[in-house]
Amino acid sequence: MSASLPSIVLVGRPNVGKSTLFNRLIRSNRAITHDRPGVTRDRMEGIVRRKGERPFGIVDTGGITLDAHAAVAEGPEGIRGFEADILRQAEAAMRQACGVAFVVDGRDGLLPLDEYLAAHVRRLGLPTICVVNKVDGLEREEEMLAEFHSLGFPLVAVSAEHGHNIRALMDELADLLPPEEEDAPEQDAPQLRLAMLGRPNAGKSSLINALSGEERMIVSDVAGTTRDSVDVRFSRDGREYVFVDTAGVRRRTRITDVVEKYSANAAIKSAGKADVTLLTLDATERVSQQDKRLMDLLDTRKIPFMVLINKCDLVPPDKLKALQKTVGEMLAFCGHVPLLCVSALTRRNLAKILPLALQIKQECGIRVGTGQLNRAMEEVLTRHQPPVVKRARAKFFYLTQAETEPPTFVFFVSDADRVPESYARYLERALRRIFGIHHAPLRLRLRSSHKKEKD
Ligand code: GDP
């Protein structure tokens with residue numbers, strides 16, 4: 001039944017209101033709900049259906065006993081006994097899910113077990129929102145939400161019991177779903193998904209046309225969904241490429257603050273559907289605030305991207321150099337991002353774009369073994385020792401790769417607070433050099449032995 005639908009899993013400690021929320025979300029479909037004792041204890045599955053919207057599955061991993069809940073009150077030590085139980089259920093469900101709704105209790109505030117579970121959810125790397133439940137009125141919403149920001153997930157305040165904000169929650173959940181094409185892949189060919197961002201008139205459509213050639217296929221969204229996305233597909237050297245969401249590319253935006261802000265969000269959303277994002281600037285224009293903002297957003301979200309300065313044929317070399325320098329300075333904190341001067345008209349440098357995008361995608365998937373990492377770490381630490389901070393040096397114990405896409409490396413150290421930003425950047429540069437991660441984003445975490453984390 002729901003096997004073919006993408007599903008979202010509710011994860012959270014006992015008593016935060018997952019079952020109430022589950023029932024709210026599936027309200028009219030209660031009949032479809034079923035218990036699956038043999039598979040995973042107390043796992044409930046249902047379908048969220050709304051008129052004219054894409055249905056999706058919802059999984060509740062609930063089912064922790066009251067005794068276990070009593071242990072929560074005892075603090076982190078009390079957690080130990082049954083954390084494995086919650087995690088086993090949640091992780092089994094998350095393996096099949098495409099997104100996570102991490103549920104917390106707004107009245108209880110942030111508890112150690114929330115943080116513990118959130119860390120596990122983060123490690124899985126699925127799109128996640130944090131649902132702050134039991135927020136019954138608007139007056140205290142901000143206040144109740146405040147402490148949950150530290151979890152690093154987008155927040156939605158709801159009251160499962162009173163139905164407050166459930167509609168908005170459904171919208172947020174729908175946004176976690178993968179683009180519809182992925183539900184029913186038409187072929188197995190390796191596919192590279194690209195997003196083309198940039199201001200109106202920068203030349204995005206011209207570039208897409210020039211890159212995709214005559215053979216392209218325009219795929220409109222399936223009827224019945226709210227998204228107005230249009231994909232442009234084409235093949236090159238046995239590989240399929242897709243420019244996602246190109247409808248947004250053609251839409252003209254007005255320059256008001258609200259619209260600018262919204263379209264940056266829309267841009268980020270499209271970027272999230274792609275393997276690699278292309279941000280196109282217009283060589284004949286100054287770099288806008290919005291372009292700058294987009295670069296920052298893409299960078300902080302660790303989205304793989306490159307910057308194209310288009311219409312190079314229209315500006316003299318010295319002016320182009322100056323522009324390149326300006327953009328380079330804006331990208332100073334993400335030196336890995338490639339910058340190409342191109343022309344959709346003369347085809348200058350166009351041949352470099354797709355191979356570069358492929359390279360970025362490949363680098364994002366790099367996985368390095370722990371042995372190799374630790375040998376590299378030795379070398380890197382010997383070349384430059386960590387500096388003395390507050391009369392001591394941080395000791396580095398161990399290095400491991402926790403995730404790919406983007407490659408995420410975790411250093412276990414005696415005290416992350418003793419590792420200054422500059423040294424962290426040195427470590428990043430060294431890892432990039434040794435493992436050939438030139439243009440992909442990379443995440444580096446420092447974890448103290450007393451478990452504090454610093455990005
Ligand atoms: P979009 O709004 O970003 O999709 O921009 P378009 O692709 O519609 O391009 C806007 C205008 O710029 C059109 O008149 C294009 O012909 C022109 N244009 C696009 N790329 C180039 C380029 O590389 N060189 C020149 N000279 N004109 C270009």
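How far CZ of Arg239 is from CG of Asp237: 9.0 Å, rounded to the nearest 0.5 Å. A distance of 11.0 Å separates CG in Leu169 from NE2 in His164, rounded to the nearest 0.5 Å. The structure places CG of Leu373 at 4.5 Å from CZ of Phe435, a figure rounded to the nearest 0.5 Å. The structure places CG of Leu431 at 8.0 Å from CD of Glu428, a figure rounded to the nearest 0.5 Å. Atom CG of Asn133 sits about 10.5 Å away from atom NZ of Lys18, to the nearest 0.5 Å. Between Arg375 atom CZ and Leu399 atom CG the span is 12.0 Å, to the nearest 0.5 Å.
Partners of Lys292 under the side chain to side chain donor-acceptor pair (under 3.5 Å) rule, at least two apart in sequence or in another chain, are Asp296. For His384, the ring-ring contact (aromatic ring centres under 6.0 Å, His included) test picks out Tyr426, with sequence neighbours left out. Residues forming a ring-ring contact (aromatic ring centres under 6.0 Å, His included) with Phe411 (at least two apart in sequence, or on another chain): Phe396.
Minimum heavy-atom separation, Leu207 to Ala344: CD2-CB, 3.7 Å. The minimum heavy-atom distance linking Ile47 with Pro55 is given by the pair CG2-CB, 4.1 Å.
The cationic group of Arg122 lies under 6.0 Å from the six-membered ring centre of Phe153 and within 45° of the ring axis, placing it in a cation-pi geometry.
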Does Asp291 form a side chain to side chain donor-acceptor pair (under 3.5 Å) with Ser288? I'd like the steps, not just the answer. CA-CA 5 Å; Asp291 287 327; Ser288 73; 3.1 Å; yes
Would you sort out whether Val156 and Asn165 count as a side chain to side chain contact (heavy atoms under 4.5 Å, CB included), showing the intermediate values? CA-CA 8 Å; Val156 194; Asn165 231 11; 4.3 Å; yes
Carefully, step by step, assess Asp282 and Arg199 under the rule salt bridge (Lys or Arg N to Asp or Glu O under 4.0 Å). CA-CA 8 Å; Asp282 184 336; Arg199 276 194 301 171; over 6 Å; no
Could you go through the side chain to side chain contact (heavy atoms under 4.5 Å, CB included) check for Gln401 and Thr408 one step at a time? CA-CA 6 Å; Gln401 181 175 358; Thr408 302; 5.7 Å; no
Hey, mind stepping through Thr370 and Tyr398 against side chain to side chain contact (heavy atoms under 4.5 Å, CB included) and telling me if it holds? CA-CA 9 Å; Thr370 304; Tyr398 188 71; 3.4 Å; yes
Please walk me through it: do Arg383 and Glu379 pass salt bridge (Lys or Arg N to Asp or Glu O under 4.0 Å)? CA-CA 6 Å; Arg383 190 180 296 196; Glu379 182 208 312; 3.3 Å; yes
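Considering Leu194, Val342, Val276 as possible partners of Ile353, the one that fulfils the side-chain contact (heavy atoms from CB on, under 4.5 Å) test is Val342.
Classification of Arg50 and Asp171 as a salt-bridged pair holds, one side-chain N sitting under 4.0 Å from a carboxylate O.
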Give every donor-acceptor pair under 3.5 Å between a side-chain atom in residues 312-328 and any protein atom, sequence neighbours left out.
| from | atom 1 | to | atom 2 | distance (Å) |
| --- | --- | --- | --- | --- |
| Asp313 | OD1 | Ser343 | OG | 2.8 |
| Thr326 | OG1 | Ala322 | O | 2.9 |

When the side chains of residues 330-338 are checked against the rest of the protein, which donor-acceptor pairs come out under 3.5 Å, sequence neighbours left out?
| from | atom 1 | to | atom 2 | distance (Å) |
| --- | --- | --- | --- | --- |
| His336 | ND1 | Arg432 | NH2 | 3.4 |

Which pairs would a plain distance check flag for residues 359-368, meaning a side-chain donor or acceptor within less than 3.5 Å of a matching protein atom at least two apart in sequence or in another chain?
| from | atom 1 | to | atom 2 | distance (Å) |
| --- | --- | --- | --- | --- |
| Gln359 | NE2 | Glu363 | OE2 | 2.8 |
| Lys361 | NZ | Asp275 | OD1 | 3.4 |
| Glu363 | OE1 | His438 | N | 2.9 |
| Glu363 | OE1 | His439 | N | 2.6 |
| Glu363 | OE1 | Ala440 | N | 3.0 |
| Glu363 | OE2 | His438 | N | 3.3 |

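A 4.5 Å side-chain heavy-atom check between Met306 and Leu339 finds every atom pair outside the cut-off. Between Leu356 and Leu340, some side-chain heavy-atom pair lies under the 4.5 Å cut-off. By the 4.5 Å heavy-atom criterion applied to side chains, Cys98 and Pro127 are not counted as neighbours.
By the 6.0 Å contact criterion, CZ on Arg167 is open, its count of non-hydrogen atoms from other residues, nucleotides or ligands being 12 or less. The environment of Lys269 atom NZ is sparse: at most 12 non-hydrogen atoms of other residues, nucleotides or ligands sit within 6.0 angstrom. When the shell of 6.0 Å around CD of Glu115 is examined, it contains more than 12 heavy atoms from other residues, nucleotides or ligands.
For the residue pair Ser206/Asn209, the side-chain donor-acceptor check at 3.5 Å is not satisfied.
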